[in-house]
Novice: 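Got a structure here, written out as structure tokens. Questions coming.
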Protein chains: 2
Amino acid sequence: MNSKSEIYNLLHDKGQRITHQKSILLDILLENTDIMLSVNDILGCISDSSIDATTIYRNMQAFTESGITETMIDHKGLNRYKICDSQPHHHMICTDCGKIINFPCETKFWEPYITENNFTETHHVIKIYGKCSDCVK
Amino acid sequence: MNSKSEIYNLLHDKGQRITHQKSILLDILLENTDIMLSVNDILGCISDSSIDATTIYRNMQAFTESGITETMIDHKGLNRYKICDSQPHHHMICTDCGKIINFPCETKFWEPYITENNFTETHHVIKIYGKCSDCVK
DNA sequence: TTAAATGCAAAATATTTGCACGTTG
DNA sequence: CAACGTGCAAATATTTTGCATTTAA
């Protein structure tokens, strides 16, 4: 999920229209792939405040339902969004500013517990929460 | 953190007073150690609605600052609370029936990445999704 | 042209704050 | 009795909803 035309095709397939507002929102998301953006962050990126907050909420929900964006709720209860990664990996997420640092998965230390419980893994999620070097100050 | 007297001692050490309201809240928390309770859940446990929501918010914050409770924000952005476990653990979650199986955290293989990025971890979440032994059949 | 998307206003929800009064130690 | 805790009311903040208007296809 890293080119605008790819996303446009996906939206088209879902019967959604390509609007001026969606185009701007996608530009902002594609320029910020390493941070989870709040609606307020996104508003701050729109210089002439040409998009209403309601429209941002509605489009972020639509994008998430279409698998274009992923979502989290930060330590203050704010929704944050980013474009989905094409490559799976894990995240350190700053609960203050939403910054994301990726790291690879190196072990599956839980394998014995899976076997023991006859559990069949389909996927796993590892997220490290805390403060990034800027926000810890 | 599993007996009321232990918690009372801790509160006393922190210079906090033992009030009727705190006593009731602790009873509710101690009777619900396997679920994260929202303020609304807690209100629902108080039959005669003798405690104001504000008091619950303030006490849950105080409990959390004292290390008595732990907190999370759920998928809807609601704060939820539970008495701290003596042992932290992670979850295998069956995507069919919702069953949860706990397992302990044995490694922090991501430590080098944290150090490298000057990240300050507050907590981490590891969830293994899949099917439990019953649902895989 | 017409169904979907948008902007604005208002509502809904969750949480926080100020302050007077009550209670604990 | 003195400090802390509580309840009530009002303020904040975020997100959602209703509806008339605009716009993409």
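The chains referred to below are lettered A, B, ... by the order of the sequence lines, with proteins before strands, and numbering in each begins at 1.
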Novice: May I have the distance from Leu43(B) (atom CG) to dT13(C) (atom P), rounded to whole angstrom?
Specialist: 15 Å
Novice: Which whole-number value in Å describes the distance from Ile51(A) CD1 to dT23(D) C1'?
Specialist: 15 Å
Novice: Kindly give the heavy-atom pair with the smallest separation between Leu29(A) and Lys82(A), and that separation in Å.
Specialist: CD2-CA, 4.3 Å
Novice: Are Ile101(A) and Met72(A) in one and the same hydrophobic cluster, where Ile, Leu, Val, Met, Phe, Trp and Tyr link if side-chain heavy atoms are under 4.5 Å apart?
Specialist: no
Novice: Hydrophobic clusters here meaning ILVMFWY residues chained together by side-chain heavy-atom distances under 4.5 Å, can you tell me if Ile56(B) and Leu30(B) are in one?
Specialist: yes
Novice: Between P on dC4(D) and NZ on Lys22(B), what's the gap in Å once rounded to a whole number?
Specialist: 11 Å
Novice: Checking Asn102(A) against His91(A) for the side-chain hydrogen bond (donor to acceptor under 3.5 Å, both in side chains) test, could you report, in this order, the C-alpha distance in whole Å, the side-chain angles of both residues, the deciding distance, and whether it holds?
Specialist: CA-CA 5 Å; Asn102(A) 296 323; His91(A) 301 306; 2.9 Å; yes
Novice: Between dG25(C), dA25(D), dT24(C), which nucleotide has the shortest distance from any of its atoms to the side chain of Ile18(A)?
Specialist: dA25(D)
Novice: Looking at dA5(C), dA14(C), dC8(C), which one has an atom nearest to any side-chain atom of Tyr57(B)?
Specialist: dA14(C)
Novice: Please give, in whole Å, the distance from dA24(D) P to Lys14(A) NZ?
Specialist: 23 Å
Novice: When the nearest nucleotide of DNA chain C is assigned to Val39(B) and to His20(B) on a heavy-atom basis, which residue is associated with the more 5' position?
Specialist: Val39(B)
Novice: For the helix from dT1(C)-dA25(D) to dG25(C)-dC1(D), figure out the bend between the end axes, five pairs an end, and round to 10 degrees.
Specialist: 40°
Novice: Please report the distance, rounded to the nearest Å, between CD1 in Ile73(A) and P in dA14(C).
Specialist: 12 Å
Novice: Looking at every strand, decide which applies to Asn79(B) at a 4.0 Å heavy-atom threshold: base, sugar-phosphate, or nothing.
Specialist: sugar-phosphate
Novice: Output yes when at least one side-chain N/O atom of Asn59(B) is less than 4.0 Å from OP1 or OP2 of dT6(D), else no.
Specialist: yes
Novice: Assign each of Thr19(B) and Gly15(A) to its nearest nucleotide of DNA chain C by heavy atoms, then name whichever residue's nucleotide is nearer the 5' end.
Specialist: Gly15(A)
Novice: Side chain of Gln21(A): nearest nucleotide among dT16(D), dT6(D), dT6(C)?
Specialist: dT6(C)
Novice: Which one of Thr69(A), Asp74(A), Thr95(A) satisfies the side-chain hydrogen bond (donor to acceptor under 3.5 Å, both in side chains) criterion with Arg80(A)?
Specialist: Asp74(A)
Novice: In whole angstroms, how far is the C1' atom of dA5(C) from the CD1 atom of Ile56(A)?
Specialist: 14 Å
Novice: Please give, in whole Å, the distance from dA24(D) P to Leu11(A) CG?
Specialist: 15 Å
Novice: Quick one: do Glu121(A) and Lys108(A) satisfy salt bridge (Lys or Arg N to Asp or Glu O under 4.0 Å)? Show the steps, please.
Specialist: CA-CA 11 Å; Glu121(A) 176 180 340; Lys108(A) 284 197 171 190; 3.5 Å; yes
Novice: Between Ser38(B) and Asn40(B), is any side-chain donor less than 3.5 angstrom from a side-chain acceptor?
Specialist: no
Novice: May I have the distance from Asp52(B) (atom CG) to dC19(C) (atom C1'), rounded to whole angstrom?
Specialist: 14 Å
Novice: With hydrophobic residues grouped by side-chain heavy-atom distances under 4.5 Å, do Ile126(B) and Ile114(A) end up in a single group?
Specialist: yes
Novice: Taking only side-chain N and O atoms of Lys76(A), does any of them lie within less than 4.0 angstrom of OP1 or OP2 on dT14(D)?
Specialist: no
Novice: For residues Met36(A) and Thr71(A), report the shortest heavy-atom separation together with the two atoms involved.
Specialist: CE-C, 3.8 Å
Novice: Report each atom pair, protein N/O against N/O of nucleotides 18-20 of chain D, whose distance is under 3.5 angstrom.
Specialist:
none

Novice: Could you check Thr55(B) against Arg17(B) and say which one's nearest nucleotide on DNA chain D is further toward the 5' end?
Specialist: Arg17(B)
Novice: Should Ile100(A) and Ile42(A) be counted in the same cluster of Ile, Leu, Val, Met, Phe, Trp and Tyr side chains packed under 4.5 Å apart?
Specialist: no
Novice: Any side-chain N or O of Gln16(B) under 4.0 Å from OP1/OP2 of dT24(C)?
Specialist: no
